[in-house]
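Here is the structure we will look at, set down as structure tokens.
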There are 2 protein chains.
Amino acid sequence: MELESSPDLSQADPDRAAPISPAGAREWLRLTPWLAGVPAGTLGRLAGEALVHRVPAGSMIFEQAETPVFATLLVCGTVGLLAVRDAAESLVELATPFDMLLPAAVLNRQPYLLRARVLEEAHLLLIPAAAFRDAVAADHALCLAILALQAAQFRRQVRHIKNMQLRSAVERAGTYLLRLAQGQSARRPIRLPMEKRLIASQLGMTRETFSRALSAMAKHGLKVDGDVLVIEDLERARARFPLDPLIDGDEAINPVMKAEFRAAGAPHGEPQ
Amino acid sequence: MELESSPDLSQADPDRAAPISPAGAREWLRLTPWLAGVPAGTLGRLAGEALVHRVPAGSMIFEQAETPVFATLLVCGTVGLLAVRDAAESLVELATPFDMLLPAAVLNRQPYLLRARVLEEAHLLLIPAAAFRDAVAADHALCLAILALQAAQFRRQVRHIKNMQLRSAVERAGTYLLRLAQGQSARRPIRLPMEKRLIASQLGMTRETFSRALSAMAKHGLKVDGDVLVIEDLERARARFPLDPLIDGDEAINPVMKAEFRAAGAPHGEPQ
DNA sequence: GCCGGACATTGACGTGGATCAACACATGGC
DNA sequence: GCCATGTGTTGATCCACGTCAATGTCCGGC
């Protein structure tokens, strides 16, 4: 059930003062899937205090050890969350729309443990931290939504760790390619979705080893030429690189339990 | 509560563990620090449906890919959450009181991604999953508490990843020992808190490597003999193994924002 | 007592992947 | 046009760890 947010549109457009925004904060919040179910009033109040920023690739959004000033919602682009040692960065988590960036730090009022850097030009929705926490504390539906989001992000992390610990570099590359092919018609060439160096860091390896892994792929039915992947022998590839739903599955954001669902009477149903 | 050193029982058999406990579910919930602030009524209702189990070391609490039946609160002992590949297990997370085991899976109604195995005899409080979700959906204070818990667990996980990615095996061992020494008077011998093989897996290395790392420690002012650590040169050790609050800090569970605290203006201290 | 089984230590060995380095290729600014 | 910069490939090298194996020690059971 979609609640129209018309009532709150009466509020003046404070977003107009914000740095160039292709879409207003209000629309972005309405588009955020895991916020469906949160009362329009609450979203409107958040939107009222929010800013929308466009941030070019390479820039830093926040630094580790900083105390969160905003709750950051990524609505467009890609952001890397990086562990920092001296000058070297290593990717810990990859944020994509519509993730929030490290909500845990914002909620628990603690310093960020990671640096956030834009990998592909991003659009951010920035909500002042205090306002965000107040809203979560005040609105139960919002609290449930954030809880579901946080849970999903936790599980994505676990998947990532398993991928790192349980598979070799070649296996990670292979399964990555096979995931790309999921749902595509076989034999159709597939473009890699980002630069190879980004894929490599996402897979927890250096450009060099990723490159070598890709050449080795030919032995197993996968050919990559430039940024195009061609499946030459799907069976063979699947045999060598079996996908594991507990690692490679998509992490759905399941609402913990929405009031209307409970009322509707599926109290003990366990949808898989 | 002392270790009864119960004879045998080394084999897992959940049904054999007595559902009746030394302490009742109600008391355990009242003792759980991060549940302070949740109305007694809600806790009482949860306790009404809960079971308390004593589980011997070595037994499996749940298997990966299982759908959660209970929300599991660890009130005593240690539980490892393990990634599984064929026969090999590798530790992803270490749960200690008063953690919940993978609340994300329970909340989002999704299969566990990890296996849970008891490392040191544990006492569990088991709340039927549906009842737990209902309670979270119904009680805002509980929802906030779980959110804070989940956030803390997320951050612990990030700390763990940073520890693995950013430090060598020797460094992890060194910083581990130095953390033990925190708050102890210098020069006083310190007993290792668990078997070395458990520490090793907690630090993400094999027993052998850990053993070698410990011998190497002598070069840096830390001497370990058997299960006893003696600090011989604190300055030197600290220089070689600097503790990083963003990795080695304790993760406090900060209530997101409780109405009474906001009014009282007494936010819990920010450790570190 | 003796024995079997966990835990721990130490040595020898192999290796996956990072690191260093050289080079090709594309892009964009001026 | 030309040059600077970032990307990708390939080769040579290195080393931090894991693996395998032998040995020692402690402990509980019979």
Side-chain angles (χ1 to χ4, degrees), chain A residues 56-59 83 85-91 117-121 163-174 176-177 191-218 223-229, chain B residues 3-11 56-59 83 85-91 117-121 163-174 191-219 223-229:
Chain A
S59 32
R85 157 91 144 194
D86 305 322
E89 299 179 334
S90 88
L91 187 137
R117 149 161 289 146
V118 179
L119 301 183
E120 298 176 309
E121 171 169 309
N163 200 22
M164 296 298 117
Q165 292 192 350
L166 264 33
R167 303 215 255 231
S168 74
V170 216
E171 288 169 330
R172 295 199 297 273
Y176 178 87
L177 295 183
R191 296 251 334 239
L192 299 185
M194 33 171 59
E195 290 172 9
K196 287 186 184 164
R197 70 177 232 280
L198 293 180
I199 302 181
S201 79
Q202 189 176 344
L203 296 180
M205 63 187 90
T206 60
R207 285 177 303 175
E208 294 97 319
T209 57
F210 184 54
S211 180
R212 279 183 256 267
L214 288 187
S215 355
M217 286 298 97
K223 227 187 63 182
V224 178
D225 185 43
D227 62 347
V228 177
L229 160 68
Chain B
L3 28 107
E4 314 292 273
S5 73
S6 44
D8 102 297
L9 269 184
S10 49
Q11 228 21 43
S59 29
R85 157 91 144 193
D86 305 321
E89 299 179 336
S90 89
L91 187 138
R117 148 162 290 146
V118 179
L119 302 183
E120 298 176 309
E121 171 170 308
N163 199 23
M164 296 298 117
Q165 293 192 348
L166 264 33
R167 303 214 256 231
S168 74
V170 218
E171 288 169 329
R172 295 199 299 271
R191 297 248 338 237
L192 299 185
M194 33 171 58
E195 290 172 10
K196 287 187 184 163
R197 70 177 231 282
L198 293 180
I199 302 182
S201 79
Q202 191 177 342
L203 296 179
M205 64 187 87
T206 61
R207 283 177 302 171
E208 293 96 320
T209 331
F210 185 53
S211 181
R212 279 183 256 268
L214 288 187
S215 355
M217 286 296 100
K219 276 35 184 160
K223 225 187 66 184
V224 178
D225 184 42
D227 62 348
V228 176
L229 159 68

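To find a chain, count down the sequence lines: A is the first, B the second, and so on, and within it residues start at 1.
Of all heavy-atom pairs spanning B:Ala83 and A:Gln165, the tightest one is CB-OE1, 4.5 Å. Scanning both residues, A:Met164 and A:Gln202, for their nearest heavy atoms gives CE-O, 4.2 Å. Closest approach of A:Pro193 and A:Ile199 over heavy atoms only: CD-CD1, 4.4 Å.
For B:Lys223, the NZ atom is loosely surrounded, since the number of other residues' heavy atoms within 6.0 Å does not exceed 12.
Among the protein residues, A:Arg197 comes within range of the sugar-phosphate backbone only, with heavy atoms under 4.0 Å from sugar or phosphate atoms but none that close to a base.
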Polar atoms only, N or O, under 3.5 Å: list the protein pairs with nucleotides 17-20 of chain D and their distances.
{"residue": "D:dC17", "atom": "OP1", "partner": "B:Ala169", "partner atom": "N", "Å": "2.8"}
{"residue": "D:dG18", "atom": "OP2", "partner": "B:Thr206", "partner atom": "OG1", "Å": "3.4"}
{"residue": "D:dG18", "atom": "OP2", "partner": "B:Thr209", "partner atom": "OG1", "Å": "2.4"}
{"residue": "D:dT19", "atom": "O4", "partner": "B:Arg212", "partner atom": "NH2", "Å": "3.1"}
{"residue": "D:dC20", "atom": "N4", "partner": "B:Glu208", "partner atom": "OE2", "Å": "3.4"}

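In this structure, B:Lys196 atom NZ and D:dT25 atom C1' are separated by 12 Å, rounded to whole Å. Following rounding to the nearest Å, A:Asp227 (CG) and C:dC25 (C1') show an atom-to-atom distance of 14 Å. Distance CG (B:Asp225) to P (D:dT25): 14 Å, rounded to an integer number of Å. Note: CG (A:Leu192) to P (D:dG8) measures 10 Å, nearest angstrom. One interatomic measurement links the two molecules: CE of A:Met164 to P of C:dG17, which rounds to 11 Å at whole-angstrom precision. Whole-Å rounding puts the B:Met194 CE to C:dA8 P distance at 12 Å. Note: CZ (A:Arg207) to P (C:dA21) measures 14 Å, nearest angstrom. Spacing between atom CD of B:Glu195 and atom C1' of D:dC27 amounts to 12 Å, rounded to whole angstrom units.
For DNA chain C, each stem of at least three Watson-Crick or G-U pairs (distances under 3.5 Å) is given as range with range: C:1-30 with D:1-30.
Judged by distance alone, the side chain of A:Arg117 and the main-chain N or O of A:Gly58 form a donor-acceptor pair under 3.5 Å.
In summary, of the residues considered (A:Leu203, A:Leu192, A:Leu119), a side chain to side chain contact (heavy atoms under 4.5 Å, CB included) with A:Leu198 occurs for A:Leu119 alone.
Distance check: A:Glu89 CD to B:Leu166 CG gives 10.5 Å after rounding to the nearest 0.5 Å. The OH atom of A:Tyr176 lies 13.5 Å from the CZ atom of A:Arg167; values are rounded to the nearest 0.5 Å.
At D:dT10, one or more side-chain N or O atoms of A:Ser215 fall inside 4.0 Å of OP1 or OP2 (strictly under the cut-off).
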- Verdict with reasoning, B:Met217 to B:Leu229, per side chain to side chain contact (heavy atoms under 4.5 Å, CB included): CA-CA 10 Å; B:Met217 286 296 100; B:Leu229 159 68; over 6 Å; no
